[in-house]
Amino acid sequence: MAKNKTPDLMSKLVALCKRRGIVFQSSEIYGGVGSTFDYGPPGVEMKNNIARLWWQDMTFRHENIVGLDSAVILHPRVWETSGHVKKFHEEFIECRNCKKRFKSEDLFSIAKESFIRYIDAHLHKKPIQPKDMIITGEFLNRYINELDNELSQHPGELSDSFIDNIVNTFVDTIVRNLKHVTCPNCNETGFLTDPRNFQLMFKSNIGVVEDESNLIFFRPETAQGMYVDYRIVQESSRLKVPFGIAQIGKAFRIEITPGNFIFRTREFEQMEMQFFVRPGETSEWLQYWKEQRWNWYLSMGASPDKLRWAQHPQDKLPHYAREAWDVEYEFPFGWSELEGVHDRGEYDLKAHQEASGKDMTYFDDEQKARYIPHIVETSAGLNRTMLMLLCDAYREDVQAGESRVYLALDPKVAPVKAAIFPLVKKDGLAEIARAVADDLRGRWPVFYDAQGSIGRRYRRQDEIGTPYAFTIDYQTKDDGTVTVRWRDTLEQERIGKDRIGDFLIEKFGRL
RNA sequence: GCGAGAGUAACUCAGCGGUAGAGUAUCACGUUGCCAACGUGAAGGUCGCGGGUUCAAAUCCCGUCUCUCGCUCCA
């Protein structure tokens, strides 16, 4: 991921979001909490719009996709079974010199490979690479002596079990003597820390007495709720494979490195859909959903040239996935993930079946076969999608010598759909404008404003991306028409004030 | 956790030993006939927090907290 390509746009956007109350630091009066954000009046409208559009796209448009709202707090065993307790509780070793951070197991496997190359070089009298001297000489000599001893007692090739044994002992030595280990990144010795635990799930206790027996976790993904409920949802809604369960909800992760505004936060909101399919059909469905999801981003006005697919290489797959694709957007801070479309196979349901002892199979009437459905998931970040749309919509231009900032948001996601202004407050124009606004209110979020000059009022709406402004002027009193002013082009047109509702329906439909 | 930077009005910042300032924004009244107009007025700050030096600290010293960025964690 490229860093700070245009720090400018991000900081301008963050400032705009705060200034207009779209998104801002949470609990700011107490100095804020690291990487938590609150969504102000325009922000929550926009976020709700995105969530609603996703929900409509999933549950309204697909007969075989149903909604669910499962709890944030699930049984702790759900997270043991899903692999999150293990996977989200990892040991890291850091180099104090070069600041590189290694997962313990990664560092140990690097050390192991170096050592294997080292003894290979020794045995075959090849030159030893300094890089492979991963621990100080006195430790290595110990093993070399042991090797040489073994060779003198049993001339010829060393047995595999002897090699395995010595390698495993070596790894144990590394674990206990990190002070003598050389950092594989900067090649300096003596700077590695002891392994430290990084707990990545939020923990709490249920019940008034705090002890280990009532430990619970906040969900780090919404998906597991859909898996554990899959039978009851399928049976109660009489669904047949293939079918999907959709859910929007908060998830929590103690990220090591949150940042980039609302891109990575510890509390965030996911829009996930788990699609249950016949074994062997995951590839086709993966293709289908990739296409669907791509089109969804385009339908909200995202720039196609700033979107791309990125496939996870086999060795970097999440622990649950067999094949994983990400929709990425070119943010000001680089290409970053918006959504993952994953083939999770039977991993989750099978694990839950084994751990819970409950039957997770499905009887397929058509095929006369019983199986554990396989899962293709689409997992999108709501906050990230909103950030993407804000970045994509941010514009600056110059109008009559004055600079202007506006958000060219698609009307579907814009927080306020229309602004209603009287040209001036006097001569009864304000009363007419109020009546127009009151008529529209309730059908769409509209904003009435009579404060300041007309130009200032247009600019204020431009900043939050309001697509249309309707101005009541003196001509309105004569013929009942008002001015429609377009946000992006500043063009104006006159329409009858009774036609404003029809105009809005025509532009983006009812909500 | 480690490294770097930053904390003065809602925002951007000036002040850098002598009792807190500007511009913008906000609000009120007037004015204003379509793109950040003008006039008058108002409101808004324990200068992140604690301690020290000093007759006197936003300013110097020490400590501390918070935020931002980086260290691949992922939606």
Side-chain angles (χ1 to χ4, degrees), chain A residues 1 3-4 7 10-11 14-16 18-21 24-25 27-35 87-88 90 92 94-103 106 185 191 193-194 196-198 200 220-223 250-266 268-272 312 316 318 324 326-328 333 336-342 377-385 387 399-406 421-427 429 451-463 469 471-475 482-485 487 490 492:
Chain A
M1 173 158 64
K3 267 120 199 167
N4 295 329
M10 265 325 267
S11 47
V14 171
L16 171 66
K18 183 174 183 185
R19 178 155 35 95
R20 299 313 312 271
F24 42 86
Q25 177 77 64
S27 352
E28 204 179 20
I29 63 165
Y30 288 105
V33 180
S35 193
K87 202 68 194 175
F88 275 37
E90 287 192 299
F92 287 84
E94 275 181 290
C95 174
R96 284 197 204 89
N97 182 52
C98 68
K99 308 303 169 200
K100 173 88 178 163
R101 178 182 292 147
F102 304 91
K103 282 183 195 169
D106 288 351
N185 188 49
F191 292 98
T193 62
D194 286 333
R196 284 191 292 230
N197 273 322
F198 281 64
L200 302 179
E221 63 172 18
T222 62
K250 292 226 170 162
F252 302 82
R253 293 179 193 174
I254 306 178
E255 299 287 351
I256 305 165
T257 54
N260 285 326
F261 196 35
I262 53 173
F263 183 78
R264 181 176 295 119
T265 53
R266 295 182 171 112
F268 61 105
E269 213 156 344
Q270 293 184 308
M271 303 181 290
E272 294 197 304
H312 287 229
K316 292 233 167 156
D326 293 340
V327 182
E328 293 187 339
F333 45 83
S336 302
E337 182 185 356
L338 284 176
E339 166 159 4
V341 180
H342 305 135
E377 93 170 337
T378 69
S379 175
L382 175 51
N383 320 76
R384 285 180 178 187
T385 302
L387 180 62
Q399 296 296 339
E402 297 283 352
S403 67
R404 176 174 82 123
V405 172
Y406 66 106
F421 305 144
L423 185 59
V424 292
K425 272 190 260 189
K426 58 182 184 181
D427 299 328
L429 298 187
Q451 246 163 47
S453 73
I454 188 75
R456 177 185 294 271
R457 283 177 270 161
Y458 285 142
R459 298 298 170 85
R460 281 199 279 244
Q461 293 304 312
D462 289 341
E463 283 197 330
T471 300
I472 281 69
D473 55 21
Y474 288 97
Q475 194 182 330
V482 300
T483 306
V484 190
R485 180 265 198 185
R487 173 195 64 202
L490 280 65
Q492 299 194 351

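Quick note on labels: first sequence line is chain A, next is B, and so on, each numbered from 1.
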Checklist entry - Hey, which of these two, A/Arg19 or A/Gly381, hits RNA chain B nearer its 5' end, going by closest nucleotide? => result A/Arg19

Checklist entry - Between A/Lys18 and B/C11, is there a side-chain N or O to OP1/OP2 distance below 4.0 Å? => result yes

Next on the checklist: In whole Å, I'd like the distance from the CZ atom of A/Phe24 to the P atom of B/U68.
Outcome noted: 15 Å

Item to check | Sugar-phosphate, base or nothing in reach of A/Gln475, heavy atoms under 4.0 Å | outcome: nothing

Item to check | Point-to-point distance, once rounded to the nearest 0.5 Å, from CG of A/Asn383 to CD of A/Glu269 | outcome: 6.0 Å

Checklist entry - How many Å lie between CZ on A/Arg456 and C1' on B/A25, as a whole number? => result 8 Å

Next on the checklist: So, applying side chain to side chain contact (heavy atoms under 4.5 Å, CB included) with A/Val327, which one of A/Thr378, A/Thr385, A/Leu338 is it?
Outcome noted: A/Leu338

Checklist entry - Just to confirm, is there a sub-4.0 Å distance from OP1 or OP2 of B/A75 to any side-chain nitrogen or oxygen of A/Arg266? => result no

Item to check | Length of the line joining A/Phe333:CZ and B/C69:C1', which is rounded to integer Å | outcome: 13 Å

Checklist entry - So, does the side chain of A/Gln492 form a donor-acceptor pair with the base of B/C34 at under 3.5 Å? => result yes

Next on the checklist: Is A/Thr483 close enough to B/C34 that one of its side-chain N or O atoms is under 4.0 Å from OP1 or OP2 there?
Outcome noted: no

Checklist entry - What is the distance, rounded to the nearest whole Å, between atom CG of A/Leu16 and atom P of B/U12? => result 13 Å

Item to check | Distance (rounded to the nearest 0.5 Å) between A/Leu387 CG and A/Ile262 CD1 | outcome: 4.5 Å

Item to check | Pair of N/O donor and acceptor under 3.5 Å linking B/C35 base with A/Arg460 side chain | outcome: no

Next on the checklist: B/U24, OP1 or OP2 - any side-chain N/O from A/Arg459 closer than 4.0 Å?
Outcome noted: no

Checklist entry - When the distance from CD1 of A/Ile472 to C1' of B/G33 is rounded to whole Å, what number comes out? => result 14 Å

Checklist entry - Hey, does A/Thr222 reach any base, or is it just sugar-phosphate, or nothing, if we go heavy atoms under 4.0 Å? => result nothing

Checklist entry - Rounded to the nearest 0.5 Å, how far does CZ of A/Arg456 lie from CZ of A/Arg460? => result 6.0 Å

Checklist entry - Taking only residues two or more places apart in sequence or in another chain, which ones pass side-chain contact (heavy atoms from CB on, under 4.5 Å) with A/Glu337? => result A/Asp326, A/Arg384

Item to check | Aromatic A/Tyr406 / basic A/Arg404 pairing, under 6.0 angstrom, 45° off normal | outcome: yes

Checklist entry - Would you say a side-chain N or O of A/Lys426 is under 4.0 Å from OP1 or OP2 of B/U32? => result yes

Next on the checklist: If I take atom CZ in residue A/Phe268 and atom P in nucleotide B/C73, what distance separates them, rounded to the nearest angstrom?
Outcome noted: 15 Å

Next on the checklist: I need the OH-C1' distance between A/Tyr406 and B/C35, as an integer number of Å.
Outcome noted: 14 Å

Next on the checklist: Once hydrogens and angles are ignored, does a donor-acceptor distance under 3.5 Å link the base of B/C74 to the side chain of A/Arg264?
Outcome noted: yes

Item to check | Within 45° cone and under 6.0 Å: A/Arg485 NZ/CZ vs A/Tyr458 ring | outcome: yes

Next on the checklist: Categorize A/Leu382 for me: base, sugar-phosphate, or nothing, with a 4.0 angstrom heavy-atom threshold over every strand shown.
Outcome noted: nothing

Next on the checklist: Applying side-chain contact (heavy atoms from CB on, under 4.5 Å), can you list everything that pairs with A/Phe24, at least two apart in sequence or on another chain?
Outcome noted: A/Lys18, A/Asp38

Item to check | Base-pairing string, 5' to 3', of RNA chain B - Watson-Crick or wobble, under 3.5 Å, | interstrand | outcome: ((((((((.[[[[.)..(..]]]].(((((.......))))).....[[[[[..)....]]]]])))))))....

Checklist entry - So, is A/Gln270 near the phosphate of B/C74, with a side-chain N or O under 4.0 Å from OP1 or OP2? => result no

Item to check | Separation of B/A37 C1' from A/Leu423 CG (nearest whole Å) | outcome: 14 Å

Next on the checklist: Tell me whether the side-chain N/O atoms of A/Arg457 come closer than 4.0 Å to OP1 or OP2 in B/C35.
Outcome noted: no

Checklist entry - Any side-chain N or O of A/Gln25 less than 4.0 Å from the OP1 or OP2 oxygen of B/C67? => result no

Checklist entry - When you match A/Glu269 and A/Val405 each to their closest nucleotide on RNA chain B, which lands nearer the 5' end? => result A/Val405

Checklist entry - Which nucleotide in the set B/G33, B/C74, B/C34 lies at the smallest distance from any side-chain heavy atom of A/Asp473? => result B/C34

